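All remarks here apply to the structure that follows.
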Amino acid sequence: MTDVTSTYTAQDRPMGWFRRAEGWLDDKGKGAWIAAMVLGFVFVWPVGLALLFYMIWGKKMFACKNRSHHRAHRCGSHGETFRAARAAARPSGNSAFDAYKTETLMRLEEEQDQFESFLERLRAAKDKAEFDQFMEDRVKKAAQARDQDHDESADKEDA
């Protein structure tokens, strides 16, 4: 006879009311957690205190742990960028892959520098074109003003 062990993961098990409430509050964001804590303090102060402790020690208050994907932009990706940079700098143990990774990263940095210089040249060209247009308009307006003054002075001389 074989032993049958449970192969349920945490996601397969039915969620209790506490986990459902936690998931719902996570989906709503930090504001929902703070509102629940305040309401807990107002109606039953030990509940508010328990929520406060849970938020602090569960890192709900100071960490960005939203489960919903559409709220991820609120927290920014600074931590993810830092982790990715740290992982990119860490050697994998495979010298061929590490050489390829280093070469690719250097190529990408060079391409980024080239693209940034292209954008700078593009901005400079646009600024120059706008300035040249401004100067042309200014010269045209000055010429029109001179022509109008000349016409007015000619009319006065004729009269």
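None of these values were measured; they are calculated from a predicted model. Numbering starts at 1 and runs along the sequence shown.
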Looking only at heavy atoms, which two atoms of Leu51 and Trp33 are closest? And how far apart? CD2-CZ3, 4.0 Å

Is there a path of hydrophobic side-chain contacts, each under 4.5 Å between heavy atoms of I/L/V/M/F/W/Y residues, joining Phe43 to Val47? yes

Using the side-chain hydrogen bond (donor to acceptor under 3.5 Å, both in side chains) rule, collect all pairs that involve residues 99-109, keeping only residues at least two apart or in two chains. Arg107-Glu111

What pairs meet the salt bridge (Lys or Arg N to Asp or Glu O under 4.0 Å) rule with one or both residues in residues 113-122, with sequence neighbours excluded? Glu120-Arg123

Residues 132-145, side-chain donor-acceptor partners within the protein, below 3.5 Å, at least two apart:
| unit_1 | atom_1 | unit_2 | atom_2 | d |
| --- | --- | --- | --- | --- |
| Asp132 | OD2 | Lys128 | NZ | 3.1 |
| Gln133 | NE2 | Asp137 | OD1 | 3.1 |

Tell me, please, which residues at least two apart from Glu130 pass side chain to side chain contact (heavy atoms under 4.5 Å, CB included). Lys126, Asp127

With rounding to the nearest 0.5 angstrom, report the CH2 to CG distance, Trp57 to Leu52. 8.0 Å

Listed partners of Ala50 passing side chain to side chain contact (heavy atoms under 4.5 Å, CB included), at least two apart: none

Look up atom CZ in Arg20 and atom CG in Leu25, then write down how far apart they are to the nearest 0.5 Å. 13.0 Å

Can you name the side chain to side chain donor-acceptor pair (under 3.5 Å) partners of Ser92, sequence neighbours left out? Asp98

Evaluation steps, side chain to side chain contact (heavy atoms under 4.5 Å, CB included), between Tyr54 and Met37: CA-CA 10 Å; Tyr54 181 74; Met37 179 191 62; over 6 Å; no

Kindly give the cluster partners of Phe118, where membership spreads through any ILVMFWY side chain lying under 4.5 Å from a current member. Phe115, Leu119, Leu122

